[in-house]
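A, B, ... follow the sequence lines: proteins, then strands. Residue 1 opens every chain.
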Protein chains: 2
Amino acid sequence: MPDVKSAANLLFLREEELRQGIELLYYAYRDFTAEPDAMLARYGFGRAHHRVIYFVGRYPQMSVSDLLGILRITKQSLSRVLGQLVRQGFIQQRPGSRDRRQRLLELTEKGIELERQLSENQRQRIAKAYREAGAQAVEGFRKVMLGIIGGEADRRRFERGPTR
Amino acid sequence: MPDVKSAANLLFLREEELRQGIELLYYAYRDFTAEPDAMLARYGFGRAHHRVIYFVGRYPQMSVSDLLGILRITKQSLSRVLGQLVRQGFIQQRPGSRDRRQRLLELTEKGIELERQLSENQRQRIAKAYREAGAQAVEGFRKVMLGIIGGEADRRRFERGPTR
DNA sequence: GAAAATAAGTCAATATGCCTGACGTAAAAT
DNA sequence: ATTTTACGTCAGGCATATTGACTTATTTTC
């Protein structure tokens, strides 16, 4: 019964393909974070500090609640990490001009330097992967990753054009 | 001076492209783990339990040290998580026949069921992304992800052919 | 203008994940 | 017979994150 056999085989291939997708994400993320984590440890920081520094560098003058929205953590969790970064002079806060309740966040010179160091490794890893895979593969990578990302709002961050 | 300007523009595009790569990984991984995390919380488990259940399901009869090698954590960290799963009947251990020092790991029926529930969400997310992006994009996704993964040994897990 | 909502911060208690270091046991390799 | 390996465990510690309760300043809404 070749029909049954090939149907089963298709299902099997599909199952295997999906598992490989899960694992590609797992291994890639694991390796992607390993080196920055090691660097952060030398400052007494953790991965949470990296995420804060990264996104504040990416979106200067962002508010605390925007940052909370991206990180999807509670303000109590953010508080300690952000407080450390502010007290140690990596991040600067200033009241918003339109809404003075807001504390707009910005990297200091020192913060910019740390961000650069931390992300350099990741940029090079991506650059290497992109270079080896080629432009067409990069396009496919983008498409699949955008499909994995859940929210419409987050997907919009990746619209075409250099500066979002 | 058009040369300088276009060179700077190229650098800018490249920088933006690399940053987007970093962020695609961040958002995709964040959303990829959010729902399983919520399910695990209902069992009193964390992401670590999911990883253990996933890989034991993927490679039945694997040894503890093989699992440690994949997870890249210490045996002390694994110990509590694995111990809970064994005591609560999700994972079964048996001495290896060739090397009786080994404890080979295997999911129980209960473990298989939990694994299926947890990964179903991730499989569907991948399936949706693959379906929407198309076969060629999936090929590109694989290429780029493999380029991001550091170790040759880990990349070998993704060689062609259904069963590794 | 008073009441309600929002942005941000704080105190407290708790859980989980992960680490280093030290030590123990059984089995295999040399 | 000694050393190495596979696994486990005790102890102590730090980072990340949670829920819940409460405060302050400012803006919005009625």
Side-chain angles (χ1 to χ4, degrees), chain A residues 26 29-30 33-34 36-56 61-88 91-106 118, chain B residues 26 29-30 33-34 36-54 56 61-88 91-106:
Chain A
Y26 170 71
Y29 197 77
R30 183 197 66 182
T33 50
D37 282 355
M39 299 175 65
L40 287 155
R42 294 198 285 274
Y43 286 81
F45 291 158
R47 198 177 291 178
H49 298 82
H50 187 187
R51 290 194 287 249
V52 169
I53 286 181
Y54 180 85
F55 284 110
V56 171
Q61 316 298 334
M62 83 186 307
S63 70
V64 171
S65 57
D66 286 348
L67 184 53
L68 287 173
I70 285 182
L71 298 179
R72 304 270 170 90
I73 58 175
T74 59
K75 65 180 170 183
Q76 295 91 327
S77 296
L78 176 59
S79 160
R80 186 182 47 91
V81 172
L82 183 56
Q84 283 177 304
L85 291 170
V86 169
R87 280 192 303 275
Q88 294 181 34
I91 287 179
Q92 215 184 309
Q93 289 173 308
R94 351 171 294 180
S97 52
R98 216 189 55 248
D99 184 339
R100 287 177 318 194
R101 290 171 304 180
Q102 295 182 326
R103 262 76 159 184
L104 303 184
L105 307 172
E106 193 173 14
L118 287 173
Chain B
Y26 169 72
Y29 198 77
R30 184 198 65 183
T33 50
D37 282 356
M39 298 174 65
L40 287 155
R42 293 198 285 273
Y43 286 81
F45 291 158
R47 198 178 292 178
H49 299 82
H50 188 187
R51 290 195 287 252
V52 169
I53 285 181
Y54 180 85
V56 171
Q61 316 297 334
M62 83 186 307
S63 69
V64 171
S65 57
D66 286 348
L67 183 54
L68 286 173
I70 285 181
L71 299 179
R72 303 270 170 92
I73 57 173
T74 59
K75 65 182 170 180
Q76 294 93 326
S77 297
L78 176 58
S79 161
R80 187 177 48 90
V81 171
L82 183 56
Q84 284 177 304
L85 291 171
V86 168
R87 281 192 302 276
Q88 294 182 34
I91 287 178
Q92 214 183 313
Q93 289 174 310
R94 351 172 294 178
S97 51
R98 218 187 55 249
D99 183 340
R100 286 176 320 195
R101 289 171 306 180
Q102 294 182 326
R103 263 76 156 186
L104 302 184
L105 306 172
E106 195 173 13

Between A/Phe45 and A/Leu85, is there a side-chain heavy-atom distance shorter than 4.5 Å?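 Contact flag for A/Leu85/A/Phe45 side chains = yes.
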
Does B/Arg51 reach the side chain of B/Val81, with side-chain heavy atoms less than 4.5 Å apart?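 Not in contact.
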
Specify the separation, in whole Å, of atom [atom1] of [X] and atom [atom2] of [N].
{"X": "A/Met62", "N": "C/dA8", "atom1": "CE", "atom2": "P", "answer": "10 Å"}
{"X": "A/Asp66", "N": "C/dA7", "atom1": "CG", "atom2": "P", "answer": "9 Å"}
{"X": "A/Gln93", "N": "C/dA7", "atom1": "CD", "atom2": "C1'", "answer": "12 Å"}
{"X": "A/Leu68", "N": "C/dT10", "atom1": "CG", "atom2": "P", "answer": "13 Å"}
{"X": "A/Leu85", "N": "C/dG9", "atom1": "CG", "atom2": "P", "answer": "13 Å"}
{"X": "B/Leu105", "N": "D/dC7", "atom1": "CG", "atom2": "C1'", "answer": "11 Å"}
{"X": "B/Leu104", "N": "C/dA27", "atom1": "CG", "atom2": "C1'", "answer": "14 Å"}

Taking only side-chain N and O atoms of [X], does any of them lie within less than 4.0 angstrom of OP1 or OP2 on [N]?
{"X": "B/Ser65", "N": "D/dT5", "result": "no"}
{"X": "B/Ser63", "N": "D/dA6", "result": "no"}
{"X": "B/Gln102", "N": "D/dT5", "result": "no"}

What does nucleotides 24-30 of chain D look like as a protein-contact string, B for base, S for sugar-phosphate only, - for none, at under 4.0 angstrom between heavy atoms? -BBS---

Reading nucleotides 10-20 of chain D 5' to 3', which nucleotides get B (base under 4.0 Å from a protein heavy atom), which S (sugar-phosphate only), which -? B----SBBBBB

Classify the ring geometry of B/Tyr54 against B/His50: parallel below 30°, tilted from 30° to 60°, perpendicular beyond 60°.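 Perpendicular, since the angle between the ring planes exceeds 60°.
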
Which residue, A/Val52, A/Val56, A/Val86, forms the side chain to side chain contact (heavy atoms under 4.5 Å, CB included) with A/Leu105?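 Passing option: A/Val56.
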
For residues B/Leu68 and B/Ile73, report the shortest heavy-atom separation together with the two atoms involved.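 For B/Leu68 and B/Ile73, the tightest heavy-atom pair comes out as CD2-O, 3.6 Å.
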
Tell me the closest heavy-atom pair linking A/Asp37 and A/Arg47, and the distance in Å.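 Residues A/Asp37 and A/Arg47, closest heavy atoms: OD2-NH2, 2.7 Å.
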
Inter-residue atom distance B/Ser65.OG - B/Lys75.NZ, 0.5 Å rounding: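 NZ of B/Lys75 is found 10.5 Å from OG of B/Ser65.
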
Judged by atom type as modelled, is there a donor-acceptor pair below 3.5 Å linking the side chain of B/Arg30 to the main-chain atoms of A/Ile70?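 Pair found, side chain donor or acceptor close to backbone of A/Ile70.
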
Would you check, one step at a time, whether the test side-chain contact (heavy atoms from CB on, under 4.5 Å) holds for A/Leu71 with B/Tyr26? CA-CA 10 Å; A/Leu71 298 179; B/Tyr26 169 72; 3.7 Å; yes

